[in-house]
There are 2 protein chains.
Amino acid sequence: MAVTMSPKQKVYQAVLQEIRKFIEMNDLKSGDKLPSERGLSENLKAGRSSIREALRAMELLGLIETRHGEGTFLSTYRPYQTVELLSSFILQENTTRSDLMLTKRIMEKEAAKLAFSQMNEDAVEELTSLVNDSSLNPDEMHDAFFNYLFNQCDNLLLKKVWQLMDEFSQTINKQNYNTDFYEELINLYTTRNYQSIEALF
Amino acid sequence: MAVTMSPKQKVYQAVLQEIRKFIEMNDLKSGDKLPSERGLSENLKAGRSSIREALRAMELLGLIETRHGEGTFLSTYRPYQTVELLSSFILQENTTRSDLMLTKRIMEKEAAKLAFSQMNEDAVEELTSLVNDSSLNPDEMHDAFFNYLFNQCDNLLLKKVWQLMDEFSQTINKQNYNTDFYEELINLYTTRNYQSIEALF
DNA sequence: AAACCAAGGGTGGTCTGACCACCTTGAAAG
DNA sequence: CTTTCAAGGTGGTCAGACCACCCTTGGTTT
């Protein structure tokens with residue numbers, strides 16, 4: 001293939017680099033279309049199978065989405081596959097459910113604390129309406145609730161990691177907080193009581 | 001191919017499932033050898049290219065390691081590739097370094113707290129010797145220090161996530177804690193002062 | 001003119017067969 | 001017994017061939 005490569009670098013890895021560059025160059029965003037496999041093959045001077053190895057890997061990571069007959073598209077990072085696969089490999093069943101729940105809880109606690117400074121009246125109002133929204137089932141409410149908090153944190157990475165945890169936990173049983181919990185947290189925001197958040201979780 | 005599949009499941013995804021089963025069935029561990037690509041192709045009734053798509057994806061995830069001329073081997077989960085790739089895709093440069101450092105710090109803080117109950121005299125002794133080990137540079141010491149703490153937590157997932165953060169942060173600059181910091185934390189363990197850990201970070 | 005439908009071209013999905021490069025092994029040569 | 005090297009196994013890569021699917025297009029029908 002054409003791409004310059006350090007000793008023994010595999011083609012599919014070089015292809016990954018090139019695709020990344022391409023995305024950067026053309027400033028592609030979620031939903032945008034990548035060149036076709038055949039097009040990439042020709043431009044990068046690599047066999048289509050090598051292109052596909054790279055694409056499949058990206059797909060598994062959740063970076064792209066392929067639609068049969070249409071093409072390959074950039075997607076917002078949603079590690080569906082990754083989560084499922086890794087959960088079956090890394091987290092070998094049992095033992096680790098509690099690990100997962102605990103880790104997720106930790107992230108949620110920290111988000112609750114980080115978001116504290118951003119929680120003005122409007123924000124509290126927003127959360128309250130979520131808690132009272134009867135069109136959401138408990139799981140959906142929980143997701144929406146913390147999604148909002150994580151957004152307030154202004155820390156994309158933290159949010160991503162939590163979302164990952166959340167998806168993991170969807171796979172198994174989902175033991176949520178009491179309904180009181182959310183109102184209690186909102187109350188702490190209202191009364192500007194930062195100190196008690198730690199203990200709430 | 002032979003593998004039973006829900007509607008439209010791609011071959012390489014089915015292959016992933018089969019490989020996972022295979023590993024489980026034969027109780028393969030890190031370092032063990034997987035069947036050859038040609039062997040898998042024949043057994044699973046799938047084209048070699050499909051087999052390779054699955055294997056490449058697993059390789060990128062860090063689940064396996066391939067050695068040219070030798071074979072494919074199970075590896076301990078080390079998301080080298082993943083980290084690098086994801087970092088260039090998800091964390092688009094700038095903006096997020098601080099996110100990373102903060103998130104990592106949060107994990108370390110929680111580990112320090114979780115480990116508290118396990119920190120007997122021996123454990124404190126262990127940490128102290130790490131801090132005083134002059135053969136380690138600051139980065140190595142930091143890694144060893146928190147690696148020990150995370151092990152004490154007995155939460156594999158938390159540790160894995162942290163390691164991932166840690167690898168991310170190696171890629172960029174590594175701004176560690178003061179040298180005092182470690183001694184201070186050890187001191188809190190010695191004096192059984194749980195409350196102050198939160199404030200130390 | 002508007003609605004409908006079939007054909008064609010583009011795209012991903014998969015398989016096959018062919019080489020090449022690399023490693024291990026074991027038999028032959030010393 | 002050691003050294004050498006040829007053969008076979010294994011991953012790495014490519015080219016080409018089909019298939020299935022989607023969308024557009026242009027002609028046909030209404």
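Chain A is the first sequence line, chain B the second, and so forth, proteins listed ahead of strands; every chain is numbered from 1.
Between B/Arg67 and D/dT10 there is no side-chain N or O to OP1 or OP2 distance below 4.0 Å. Contact annotation: A/Ser50 reaches the phosphate of D/dC14 (side-chain N/O to OP1 or OP2, under 4.0 Å). Look at B/Thr66 and you'll find a side-chain N or O under 4.0 angstrom from OP1 or OP2 of D/dG12. Between B/Arg52 and D/dG12, a side-chain N or O to OP1/OP2 separation shorter than 4.0 Å is present. OP1 or OP2 of C/dT14 has not a single side-chain nitrogen or oxygen of B/Arg48 nearer than 4.0 Å. Here B/Thr72 reaches the OP1 or OP2 of D/dG11: one of its side-chain N or O atoms lies under 4.0 Å away.
One atom, NZ of B/Lys33, and another, C1' of D/dT10, lie 7 Å apart when rounded to the nearest Å. A straight line from CD1 of A/Ile64 to C1' of C/dT11 spans 14 Å, rounded to a whole angstrom. The distance from atom CD1 of A/Ile51 to atom C1' of C/dG13 is 16 Å, rounded to the nearest whole Å. The distance from atom CZ of B/Arg56 to atom C1' of C/dG13 is 18 Å, rounded to the nearest whole Å. The distance from atom CD of B/Glu53 to atom C1' of C/dG13 is 8 Å, rounded to the nearest whole Å. One interatomic measurement links the two molecules: CD of A/Glu37 to P of D/dT13, which rounds to 17 Å at whole-angstrom precision. Nucleotide C/dG10 holds its C1' atom 14 Å from the CD atom of A/Glu42, rounded to whole Å. We find that CD of B/Glu65 is positioned 14 Å from P of C/dC23, with the value rounded to whole Å.
Annotation: salt bridge (charged side-chain N to carboxylate O under 4.0 Å, His left out) contacts involving residues 189-201 of chain A, sequence neighbours excluded, comprise A/Lys109-A/Glu198, A/Lys113-A/Glu198, A/Glu198-B/Lys113.
Residues that satisfy the side-chain contact (heavy atoms from CB on, under 4.5 Å) test with B/Thr179, not counting sequence neighbours, are absent from this structure. The side-chain contact (heavy atoms from CB on, under 4.5 Å) check on B/Ala54 picks up B/Tyr12, B/Val15, B/Leu16, with sequence neighbours excluded. Under the rule for a side chain to side chain donor-acceptor pair (under 3.5 Å), the partners of A/Thr66 that lie at least two apart in sequence or sit in another chain are A/Glu59, B/Lys10.
Within the nucleic acid shown, B/Ser49 comes within 4.0 Å of at least one base atom, counting heavy atoms only.
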Let me check something: any side-chain donor-acceptor pairs from residues 114-122 of chain B under 3.5 Å, sequence neighbours excluded? List them with distances.
| residue | atom | partner | partner atom | Å |
| --- | --- | --- | --- | --- |
| B/Asn120 | OD1 | B/Asp122 | N | 3.1 |
| B/Asn120 | OD1 | B/Ala123 | N | 2.8 |

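Between B/Tyr177 and B/Phe146, the two ring planes are tilted [angle within 30° to 60°].
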Collect all protein-nucleotide pairs involving nucleotides 19-23 of chain D in which both atoms are nitrogen or oxygen and the distance is under 3.5 Å.
| residue | atom | partner | partner atom | Å |
| --- | --- | --- | --- | --- |
| D/dA20 | N3 | A/His68 | NE2 | 2.9 |

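A/Val124 approaches A/Ile186 most closely through the heavy-atom pair CG1-CG2, 3.7 Å.
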